[in-house]
Structure formats: C-alpha cells, structure tokens
A.B. asks: 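The structure is given below, and queries will be raised subsequently.
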Amino acid sequence: MKLLFYTLCLFTVFSNAQKIEIGDVKKIQSTILNEERTYWVSLPENYANEKYETQKYPVVYLLDGEKYFHTVTGMVKNLSNGYYPQIPECIVIAIKNTNRSRDLTPTIVRDISYESGGAAKFEAFITDELIPEVNKNYNTLDYKILIGHSFGGLFAFNLALKTPSPFNAYIVIDPSLWWDNNTTVQKLEQTLKTKDFKGTTLFFANANSIGNQKEPSKQHYAHFDAKKNSLKLLKDNLPKKLNFHSKYYKDEDHGSVVLPSLIDGLRTVFKGFRMNVKELIKNPSLIEHNYQLLSNKIGVDFKPQSTYLDRVVDLALKQGEKENAKILHDLNKKLYPQNTYLEHKFEF
C-alpha cells in the first residue's frame with residue numbers, strides 16, 4: 001500500500017511538472033558566410049505582456065553564444081528587475097560558433113594549425129544579415145551592445161575602432177590583442193587620434209594574465225604586454241567623445257575574469273540608469289532629468305521603459321503619493337501614446 005501511495009505521489013508530481021524556458025533557437029542561412037548559422041534568443045520577461053506590446057528594447061549581441069548564453073540572460077534579467085533596476089530590460093542574441101578562430105580573427109596567420117582571418121566576413125554577416133533579421137522579427141531599440149571574450153574580445157575591440165562603429169557599446173573581456181604580432185595595437189594610436197567616437201561606450205576588462213600563473217609562458221607575456229600597451233595608448237590618447245572604462249582584475253585569470261566582468265560591463269554601459277525609487281515617488285521630475293543625463297552620456301535618446309514607470313506608479317499609489325503617481329502615469333502615456341492599456345488603466 002505504501003509503495004502504491006508513493007508511486008501515485010511521484011506520478012502526480014511529474015505529471016504537473018512545467019518547463020522553464022529561457023530562450024529560442026533560431027537559424028539563418030548566411031549568403032555571406034555560405035553556411036547556416038544558429039543564434040539563440042532570450043526575450044525580456046515582459047516582452048509577451050500585451051500591456052506593453054509597444055515597448056522596444058536594447059539588444060545585447062553575445063559572441064561565443066553557446067558558452068555564455070545562460071550566464072548573460074540570467075544577469076540581464078537580475079539586473080533589470082524590481083524597483084531598482086541597474087540596466088533596462090534587454091533582448092539577448094547569442095551567436096553560436098561554427099569556426100571560432102576563423103570568424104573572430106582579423107588577419108590570416110599561416111604558421112598555425114587552425115583557420116584565421118575571417119573577421120571581415122563575420123562582421124558583414126552580423127551587420128548585413130543577422131541584425132536586420134533581428135530588427136525585423138523583434139521590437140528592438142536602436143541601441144546595440146556587443147560582448148566578446150578572448151578572440152571574441154579581439155573581434156569586438158576591432159569593431160569599436162571602425163568608422164562607423166556598428167554597435168553603440170562594447171564589453172571587451174581580456175581581448176587577445178597579441179594576435180598576429182599585435183596588429184590591432186599597432187593601428188590603435190592613429191585610430192584614437194582620427195576617429196569620431198561620439199556615442200560609443202567601451203568597457204575593457206583586464207585579467208591578471210601573469211600573476212595567476214605558476215610559470216607564465218611566452219604567450220602569457222605576449223598577452224599581458226599587448227593589453228598593457230593598448231591601455232597605455234588609450235590613456236595617453238583618450239578621445240573626449242569616447243565613454244571609456246577599464247578595470248583590472250587582480251584575482252582573476254583569462255578564464256575566470258568572464259563572470260565578474262560581465263556584471264561590471266553591463267553596469268558600466270548603463271551607469272546612471274539606476275534611480276532611487278523612494279526619492280522618485282516624492283519628486284517625479286527626477287526621472288526626466290536622470291534620463292537626459294543618461295542619453296547625453298550614451299549618445300542615444302533614451303527613455304524610461306513603460307514597465308518600470310507602471311511599477312513605480314503602483315508603488316506611489318501604495319505609498320499614498322496619488323498626485324505624483326498621476327504625474328508619472330501621465331509621463332508614461334506621453335512617452336508611449338500607442339499603449340491603450342495605459343490610457344484605460346485607471347482614472348485619478
């Protein structure tokens with residue numbers, strides 16, 4: 001009898017089990033690369049909420065997507081929720097590798113055992129095929145962030161130096177700037193002096209490439225020197241319009257630096273986004289002032305997301321700030337005039 005009871009309990013548990021889904025697998029046939037490419041998509045928590053169907057979202061493009069998708073989607077969700085979000089809700093597009101070294105390196109090096117030098121084609125795939133596909137199928141805001149580590153960091157760093165830059169912000173994690181005798185470093189000084197970096201944010205995560213190695217190799221020293229020289233050039237020739245930040249991670253090596261730098265990078269890109277909600281419900285004018293400062297810094301007209309404003313309105317009502325709740329609600333309607341839910345939510 002006990003066995004039957006336990007069996008019935010287990011059957012009930014498993015029959016009521018539900019899946020937790022964090023994204024979708026998509027495929028695109030690339031004419032430029034002459035191959036099918038896979039990318040994974042994670043949408044914001046409120047994306048499917050019909051109350052906010054007119055909302056558009058920044059897009060995070062992630063290199064080495066199959067490796068970091070779960071990590072980044074979790075961070076983005078955590079950093080963008082609640083009354084004190086540090087970043088806006090974002091769409092995450094993770095690009096899965098097929099031939100990593102080929103796609104992420106800018107030049108061909110002959111004396112190695114793997115393919116290289118396909119970065120120009122891979123860039124064209126992203127900018128001419130993938131981004132238009134994403135923009136066509138999702139509610140995207142014209143603000144794009146590229147995240148890359150190691151070879152991915154090299155690729156992202158090179159794109160940040162291009163004119164025009166295809167992305168608004170770059171999180172470059174311990175980039176392999178040693179590649180092909182420091183070819184990227186060699187052109188850096190001239191680029192810093194001539195390129196217009198207006199509207200570009202660059203976060204450079206620098207791991208302890210030597211200190212965490214018992215016996216550093218020649219490659220470790222080359223990696224260390226390339227980063228050191230690049231950061232010195234950036235410091236000595238920093239363009240006024242480049243929103244540049246770097247951080248040294250003394251206790252992290254090339255692999256372990258990824259996790260802490262992802263959080264720091266996302267926070268840095270949207271530095272100034274977080275607001276004190278307790279002050280906001282007392283003084284609604286703070287929000288427009290805050291977002292104007294943020295917009296000036298990142299070079300894009302940024303506005304508060306409707307979901308956040310609606311959340312703050314409800315909090316203001318709970319706290320007895322009815323007049324300020326109305327001000328914030330009216331701002332929400334003004335910013336999102338096509339949102340019929342806001343128009344008919346309630347009457348003050």
Side-chain angles (χ1 to χ4, degrees), residues 22-23 41-61 72-93 134-135 137-145 167-169 199 201 263 265-281 283-319 321 324-346:
I22 64 170
V41 183
S42 174
L43 299 175
E45 184 175 352
N46 289 296
Y47 188 90
N49 190 334
E50 61 183 13
K51 295 178 181 178
Y52 312 110
E53 60 184 8
T54 61
Q55 180 69 61
K56 294 185 177 182
Y57 300 89
V59 186
V60 176
Y61 286 86
V72 172
T73 54
M75 288 180 179
V76 168
K77 182 177 181 180
N78 184 272
L79 292 171
S80 64
N81 66 12
Y83 291 118
Y84 292 90
Q86 299 176 62
I87 68 173
E89 290 187 272
C90 298
I91 296 170
V92 177
I93 304 294
V134 170
N135 289 341
N137 293 321
Y138 301 99
N139 294 337
T140 60
L141 184 70
D142 191 19
Y143 191 82
K144 303 181 293 294
I145 303 163
F167 292 83
N168 305 86
T201 297
I263 296 176
L266 289 167
R267 285 172 171 166
T268 299
V269 168
F270 291 106
K271 187 176 181 180
F273 181 87
R274 186 178 188 270
M275 297 194 66
N276 187 324
V277 73
K278 294 179 181 178
E279 294 179 358
L280 179 57
I281 62 175
N283 183 5
S285 65
L286 290 174
I287 196 161
E288 290 189 272
H289 175 70
N290 188 77
Y291 274 81
Q292 187 58 58
L293 292 177
L294 179 64
S295 297
N296 292 342
K297 187 190 78 169
I298 66 176
V300 172
D301 185 17
F302 221 79
K303 59 185 180 181
Q305 292 182 326
S306 184
T307 50
Y308 173 70
L309 279 173
D310 204 29
R311 198 179 306 141
V312 175
V313 167
D314 289 341
L315 178 64
L317 288 172
K318 288 180 182 178
Q319 298 295 324
E321 298 288 347
N324 289 339
K326 184 178 187 308
I327 292 171
L328 290 165
H329 182 66
D330 288 343
L331 174 61
N332 206 355
K333 291 195 295 182
K334 175 185 173 184
L335 294 175
Y336 302 95
Q338 296 178 330
N339 189 322
T340 55
Y341 157 73
L342 294 174
E343 191 64 38
H344 302 292
K345 179 178 178 178
F346 48 66

A.B. asks: If we ignore hydrogens and angles and just use 3.5 Å, is the side chain of S42 paired with the main-chain N or O of G23 as donor and acceptor?
C.D. replies: no
A.B. asks: Where the side chain of K51 meets the backbone of N46, is there a donor-acceptor pair that is under 3.5 Å apart?
C.D. replies: no
A.B. asks: Looking only at non-hydrogen atoms, find the nearest pair between I91 and P44 and report the distance.
C.D. replies: CG1-CD, 3.8 Å
A.B. asks: How close do K144 and N168 get, heavy atom to heavy atom, and via which atoms?
C.D. replies: N-OD1, 2.7 Å
A.B. asks: Kindly write out the residues that satisfy salt bridge (charged side-chain N to carboxylate O under 4.0 Å, His left out) with E89, not counting sequence neighbours, or none if the list is empty.
C.D. replies: none
A.B. asks: Of all heavy-atom pairs between Y84 and R274, which one has the smallest distance, and what is that distance?
C.D. replies: CD2-NH2, 3.5 Å
A.B. asks: Can you label the angle between the Y143 ring and the F302 ring as parallel, tilted or perpendicular, going by 30° and 60°?
C.D. replies: perpendicular
A.B. asks: Could you check whether any side-chain heavy atom of Y52 comes within less than 4.5 Å of a side-chain heavy atom of N139, counting everything from C-beta outward?
C.D. replies: no
A.B. asks: As an exercise, state the distance from CG of L43 to CD1 of I93, rounded to the nearest 0.5 Å.
C.D. replies: 7.5 Å
A.B. asks: Please list, chain by chain and in numerical order, all residues satisfying salt bridge (charged side-chain N to carboxylate O under 4.0 Å, His left out) with K278, sequence neighbours excluded.
C.D. replies: none
A.B. asks: Can you see which heavy atom on V269 is nearest to which on I298, and at what distance?
C.D. replies: O-CG2, 3.8 Å
A.B. asks: Any side-chain heavy atom of Q305 sitting closer than 4.5 Å to one from P58?
C.D. replies: yes
A.B. asks: Rounded at 0.5 Å granularity, tell me how far OG in S295 sits from CD in E288.
C.D. replies: 11.0 Å
A.B. asks: Identify the two heavy atoms, one from F273 and one from P85, that lie closest to each other, and give their separation to 0.1 Å.
C.D. replies: CD2-O, 3.5 Å
A.B. asks: Kindly indicate, with the supporting measurements, whether the criterion side chain to side chain contact (heavy atoms under 4.5 Å, CB included) is fulfilled by Y61 and V134.
C.D. replies: CA-CA 10 Å; Y61 286 86; V134 170; 3.5 Å; yes
A.B. asks: State the CG-CG distance between L328 and L286, to the nearest 0.5 angstrom.
C.D. replies: 10.0 Å
A.B. asks: Working to the nearest 0.5 angstrom, can you tell me the gap between N324 CG and H329 NE2?
C.D. replies: 14.5 Å
A.B. asks: Between R267 and I263, does a side chain to side chain contact (heavy atoms under 4.5 Å, CB included) hold up when you go through it step by step?
C.D. replies: CA-CA 6 Å; R267 285 172 171 166; I263 296 176; 3.6 Å; yes
A.B. asks: Give, for atom CD1 of I87 and atom OG of S80, the distance between the pair rounded to the nearest 0.5 Å.
C.D. replies: 5.5 Å
A.B. asks: Scan side-chain atoms only and decide if N339 and E343 contain a donor-acceptor pair under the 3.5 Å cut-off.
C.D. replies: no
A.B. asks: So does D310 pair up with K345, basic N to acidic O under 4.0 Å?
C.D. replies: yes
A.B. asks: Validate the cation-pi geometry between K303 and Y336: distance from NZ or CZ to the six-membered ring centre under 6.0 Å, angle to the ring axis within 45°.
C.D. replies: yes
A.B. asks: Side chains of V41 and N137: closer than 4.5 Å at any heavy-atom pair?
C.D. replies: no
A.B. asks: Using a 4.5 Å cut-off on heavy atoms from C-beta on, say whether the side chain of K333 contacts that of D330.
C.D. replies: yes
A.B. asks: Would you sort out whether K318 and D314 count as a salt bridge (charged side-chain N to carboxylate O under 4.0 Å, His left out), showing the intermediate values?
C.D. replies: CA-CA 6 Å; K318 288 180 182 178; D314 289 341; over 6 Å; no
A.B. asks: If I compare all heavy atoms of I281 with all of Q319, which pair ends up nearest, and what's the gap?
C.D. replies: CD1-CG, 3.8 Å
A.B. asks: Please check if the number of heavy atoms outside D142 that lie under 6.0 Å from its CG is greater than 12.
C.D. replies: no
A.B. asks: Go through the steps for N332 and V313 under the test side chain to side chain contact (heavy atoms under 4.5 Å, CB included), then give the verdict.
C.D. replies: CA-CA 9 Å; N332 206 355; V313 167; 5.6 Å; no
A.B. asks: Can you establish whether the number of heavy atoms outside K56 located under 6.0 Å from its atom NZ is more than 12?
C.D. replies: no
A.B. asks: Tell me, yes or no, whether the heavy-atom count around K77 atom NZ, taken from other residues, nucleotides or ligands under 6.0 Å, exceeds 12.
C.D. replies: no
A.B. asks: Would you call the rings of Y47 and Y57 parallel, tilted or perpendicular, taking 30° and 60° as the class edges?
C.D. replies: tilted
A.B. asks: Is the backbone of T140 close enough, under 3.5 Å, to the side chain of N135 for a donor and an acceptor to pair up by distance?
C.D. replies: no
A.B. asks: Ignoring hydrogens and geometry, is there a side-chain-to-backbone donor-acceptor pair from R311 to Y83 under 3.5 Å?
C.D. replies: no
A.B. asks: In a check of side chain to side chain contact (heavy atoms under 4.5 Å, CB included) between S306 and each of N49, L335, L342, which one passes?
C.D. replies: L342
